[in-house]
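All remarks here apply to the structure that follows.
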Amino acid sequence: MYVNVAVLKETQSHEKRVALVPSVIPKLIKLGAKLHMQSGAGDAIKLEDAVFKDVECIDDRARLVADADVVLSVQPPAIEVVSAMKEGAILISFIYADKQHALVKKLLEKKITCFAMERIPRITRAQSMDALSSQSALAGYYAVQLGATHLARILPKITTAAGAIGPAKVLVMGLGVAGLEAIATAHRLGAVVEGYDVRPETEEQALSLGATFVETGVDARGKGGYARELTPEEKKKVADVLTKHIQQSDLIITTASIPGHKSPILISKAQIAGMKSGAVIVDLSAEGGGNCEGTEPGKTAEIGLITIVAPLNIPSLLGEDASELYAKNQYNLLALMMKDNVITLNWDDEVLAKTVLTHAGKLSHDDVSKTPEKPAKKVA
Ligand SMILES: NC(=O)c1ccc[n+]([C@@H]2O[C@H](COP(=O)([O-])OP(=O)(O)OC[C@H]3O[C@@H](n4cnc5c(N)ncnc54)[C@H](O)[C@@H]3O)[C@@H](O)[C@H]2O)c1
């Protein structure tokens with residue numbers, strides 16, 4: 001007996017990641033998986049079918065998923081894929097259910113047990129499965145590289161026979177996983193780094209990575225370790241302190257987000273107008289609308305002499321490493337439910353109970369049940 005696992009080729013434009021990499025294959029087989037993959041699933045990161053040893057490659061995705069006990073993907077799969085899955089099978093993927101009503105409806109209809117990767121709880125035991133963190137860490141690193149290539153100056157101090165050049169000043173706003181990785185990267189590259197966040201506990205983290213912390217006196221700790229939205233008075237207080245730091249920086253990386261809300265605006269047009277000429281902002285919050293007035297999600301915008309770079313889906317731009325980490329995150333989640341060649345879903349396990357989105361035709365996601373299109377009974 002074994003568990004049939006099928007890995008999809010991603011179809012969304014600009015998505016280069018794949019949910020299986022060769023290093024994870026032996027581990028999945030050891031758990032009892034028989035592996036199948038859609039032909040060409042690794043092409044975008046230059047992993048040809050032949051390097052996926054012990055994996056059967058199948059062209060037709062309906063045939064691929066028809067017998068699968070578990071289907072793995074990065075982005076939410078097409079509805080036709082779920083239609084082709086057998087009733088009661090398991091899907092593990094990013095889903096973002098509040099934007100995927102039709103898909104969720106189909107998951108319920110087919111009684112699919114769907115584990116949504118963005119729902120992995122942010123607890124210590126689940127860190128090895130936390131794909132939001134693994135992908136954000138890569139994005140934080142990449143933001144610095146991207147910023148550096150858009151600057152007409154270097155980050156470290158350099159001394160030549162003709163004279164010395166001082167280090168660039170980098171300000172990182174929003175010190176979650178991506179922001180802290182951006183601080184570490186900018187510091188390693190020799191910049192003078194400042195960090196800012198509305199959660200005061202990030203001060204110590206920023207200091208430990210070599211940055212100084214911009215203290216605004218506003219504490220906006222929200223639920224579950226995330227930030228809450230600021231009041232208008234708090235926004236003004238913060239802006240008064242931050243303006244000087246924003247306007248002295250050569251490179252600013254913004255990463256601020258509040259779950260379920262549009263990205264907060266951290267940099268106004270007026271603040272941008274006073275920035276150093278040639279300065280660059282890399283806005284990692286473009287998916288949620290951006291942290292700057294003037295951010296154009298997915299584009300690079302020039303506002304006067306300032307450049308705002310706002311790429312979308314950054315982990316995909318680092319598809320090789322992002323796939324490696326994502327596949328390991330999924331393996332670690334699967335290891336919670338697969339043993340001795342069978343799947344056992346233990347709903348007393350907090351990680352499984354919080355990550356599940358649909359099971360046996362029921363929904364466990366409050367956000368979706370609140371929307372008008374969504375009927376749904378909750379998982380008991
Ligand atoms: N397993 C774990 O224990 C674990 C793993 C990862 C993250 N976490 C925690 O989860 C939380 C969220 O991390 P994330 O990387 O997903 O963050 P996120 O992407 O939700 O937000 C990025 C940062 O933006 C900040 N922010 C929000 N509004 C802001 C504003 N107006 N001004 C400045 N900054 C603002 C947030 O405080 C956060 O630090 C953090 O507390 C993090 O430490 C825990």
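The structure presented is a predicted model; accordingly, all values stated were derived computationally and were not measured. We count ligands from 1, going down the list as the structure has it; atoms in each ligand are counted the same way.
Electrostatic pairing of E233 and K236 does not count as a salt bridge here, judged by no charged N lying under 4.0 Å from a carboxylate O. Using a 4.0 Å cut-off between a side-chain N of Lys or Arg and a carboxylate O of Asp or Glu, K9 and E15 do not qualify as a salt bridge. Taking a cutoff of 4.0 Å between a charged side-chain nitrogen and a carboxylate oxygen, K328 and E324 qualify as a salt bridge. Using a 4.0 Å cut-off between a side-chain N of Lys or Arg and a carboxylate O of Asp or Glu, K16 and E10 do not qualify as a salt bridge. Between R125 and D349, at least one side-chain nitrogen of the basic residue sits less than 4.0 Å from a carboxylate oxygen of the acidic one, meeting the salt-bridge criterion. Salt bridge status for K86 with D67: absent, with no side-chain N to carboxylate O gap under 4.0 Å.
Of the protein's non-hydrogen atoms, the one nearest atom 17 (O) of ligand 1 is G176 CA, 4.0 Å. When hydrogens are left out, the protein atom nearest atom 22 (C) of ligand 1 is T255 O, 3.4 Å; that is the closest non-hydrogen contact. Summary of contacts: the protein heavy atom closest to atom 1 (N) of ligand 1 is Q127 CG, 3.1 Å. Annotation: atom 16 (O) of ligand 1 to nearest protein heavy atom, R122 NH1, 3.0 Å. Of the protein's non-hydrogen atoms, the one nearest atom 33 (C) of ligand 1 is Y196 CE2, 3.4 Å. Regarding atom 26 (N) of ligand 1, its nearest protein heavy-atom neighbour is A256 CB, 3.7 Å.
Of all atoms in ligand 1, listed by their number and element, those nearer than 4.0 Å to a heavy atom of D130 are 5 (C), 6 (C). For ligand 1, the atoms sitting less than 4.0 Å from at least one non-hydrogen atom of Y226 are 12 (C), 16 (O), 20 (O), numbered in the order shown with element in parentheses.
Scanning all heavy atoms of the two residues, the minimum distance from I306 to S277 falls at CD1-CA, 4.4 Å. The minimum heavy-atom distance linking Q248 with K169 is given by the pair O-CD, 3.6 Å. Heavy atoms only, all atoms of each residue included: S263 and A256 are closest at CB-O, 4.0 Å. A pairwise comparison of heavy atoms in M1 and N341 identifies O-ND2, 2.7 Å as the closest pair.
Polar contact with ligand 1: present for S257 (N/O pair, distance under 3.5 Å). At under 3.5 Å, not a single nitrogen or oxygen of L230, backbone or side chain, sits near a nitrogen or oxygen of ligand 1. Distances between N or O atoms of G225 and those of ligand 1 include at least one value under 3.5 Å. Polar contact with ligand 1: absent for T124 (N/O pair, distance under 3.5 Å). On a distance-only criterion, A227 and ligand 1 share no N/O pair closer than 3.5 Å. Between T202 and ligand 1, a contact under 3.5 Å exists for no N or O pair. Where the criterion is an N or O separation shorter than 3.5 Å, residue side chain and backbone included, D197 meets it with respect to ligand 1. The N/O atoms of V177, backbone and side chain alike, include one that comes under 3.5 Å of an N/O atom in ligand 1.
Look at G179 and you'll find every heavy atom at least 4.0 Å from all atoms of ligand 1. Contact annotation: L132 has no heavy atom less than 4.0 Å from any atom of ligand 1. Under the 4.0 angstrom criterion for non-hydrogen atoms, M173 is not in contact with ligand 1. Distances shorter than 4.0 angstrom occur between a heavy atom of S133 and an atom of ligand 1.
Residue contacts with ligand 1, taken as heavy atom pairs separated by less than 4.0 Å, involve R199 solely via side-chain atoms from C-beta onward. The backbone of L175, and not its side chain, has at least one atom closer than 4.0 Å to an atom of ligand 1 (non-hydrogen atoms only; backbone = N, CA, C, O).
For the pair M338 and T344, the minimum side-chain heavy-atom distance is 4.5 Å or more.
Atom 9 (C) of ligand 1 lies below 4.0 Å from none of the non-hydrogen atoms of the protein.
Checking I267, D283, I253 one by one against M173, the side-chain contact (heavy atoms from CB on, under 4.5 Å) holds for a single residue, I267.
Checked against the 6.0 Å centroid criterion, the rings of Y326 and Y331 do not qualify as a close aromatic pair.
The option from L242, L266, T254, V172 that lies nearest to atom 30 (C) of ligand 1, judged by heavy atoms, is L266.
When atom types are taken as modelled, the side chain of S323 and the backbone of R17 share no donor-acceptor pair closer than 3.5 angstrom.
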